[in-house]
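Accompanying notes for the structure given below.
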Amino acid sequence: MTTMMNSSSSTGNSGNGDFPIEAYLSSVTDAVIVGRNIPSSWAKRYDLSPSEAASWLALIRGLSGALVLVKPSKTYAESLKRDLIGRVDRTMVERVRQLPPRVQIAATLAVAAGLWLLARRRYATLAATVEGVTDENAADIGILAQ
Amino acid sequence: MKNITLRNPLVKRAKAFKALEDIELVDLAKAGDKDAFGELYERYMEKIYSYIYYRTGNHHDAEDLTARVFYRAMGHIETYTERGVPFQAWLYRIAHNLIANWHRDRGRRKIIALDEFIAVNLKSDAPDRQAEENEERETLINAVRRLPEERQQLLTLKFVDHLSNADIGVIMNRTEGAIKSLYHRTLIALRDDLTESNTPSNDNIKSKKG
């Protein structure tokens, strides 16, 4: 803020006809908003003294830092959408995230247990099949030996 | 999990909408597709909310007016024709009119504390630095709120909503050059206000007067 106050007495009409101060301020603002570097050559190009350029830059940076997007609560946003169009589309993950933490943990454990049971059953079936095939092979070998 | 998501037709549809242009969504919404309007809502709700918040100064009225903007947009979408005014600009114009009515109904000057905002948006680790930044930010925001209505509108559209001068021009019904010029005058006014409020002699004069 102190830097902002150290501005020169100029009202900013120091730019030449081709590059007026309005264009300089707009360019600097665009660069600040997107986080781009501002070359020192710009001030010279627009015929501004370094101190004046610094004071404008400080003011613009201050505004960029102060005026930021303010988001409404998620509850409000979803509630309004529901009121407007009748429903809110959410993915499975988003739905689970809406649940209380204890329910999320329980759901995760239930899914994990289900997967474990399925894997175990599949393994058991596979093992039985392999065992059967081995027995058949042994029987075949026995018959051949006789 | 991806398969589960893709199997959900609503989610699939919502994803397809994301690829559409505003005007295509508007056409679908005009034909009665509420989901298309839902996508437009998703695109602009936060920006409109933020814009209204800075112009009213509190979340309660921002919520109320944001809801009114979208209800009005949905109710009048059949009357919307692009004609050089993009859907986004149309929404901002609705918001602007509602805010103007809001100020008129209350007959209040637009200097309203944004204390919640100050506290929420500060991101500094050092407490001393944080307090200093907080104070600077508050001073700046108060100076912004002392500006005339249209200048506040310009700064909000530029810094909060990150709109280009051309887009701001469409919303404010001015040329791009006029917006650049207005922005220049706004910064000068802001700088002068900050200089004045930081001058000790002026403070003394003010306190003597007060």
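Just so it is clear: chains get the letters A, B, ... in the order the sequence lines come, proteins before strands, and each one is counted from 1.
Considering only heavy-atom pairs separated by less than 4.5 Å from chain A, the leading option among B:K47, B:E63, B:E46, B:K158 is B:E63. Interface summary for chain B: among A:D30, A:L25, A:L84, the most heavy-atom pairs under 4.5 angstrom belong to A:L84.
Donor-acceptor pairing under 3.5 Å is lacking for the side chains of B:D167 and B:Y92. A donor-acceptor pair shorter than 3.5 Å can be found between the side chains of B:N165 and A:S26.
At a 4.5 Å heavy-atom cutoff, B:I179 makes no contact with chain A through either its backbone or its side chain. Only the side chain of B:Y41 comes within less than 4.5 Å of a heavy atom in chain A; its backbone stays farther off. For a residue to count as touching a neighbouring chain, one of its non-hydrogen atoms must lie under 4.5 Å from one of that chain's; by this rule B:F70 touches chain A with backbone and side chain alike. For chain A, the nearby parts of B:T66 are the backbone and the side chain; heavy atoms of each come within less than 4.5 Å.
Side-chain contact between B:R151 and B:L155 is absent, with no heavy-atom pair separated by less than 4.5 Å.
Once rounded to the nearest 0.5 Å, the distance linking CZ of B:R174 with NZ of B:K180 reads 15.5 Å.
At a threshold of 4.0 Å, the pair B:E196-B:R191 does not count as salt-bridged, since none of the basic side-chain nitrogens sits closer than that to a carboxylate oxygen.
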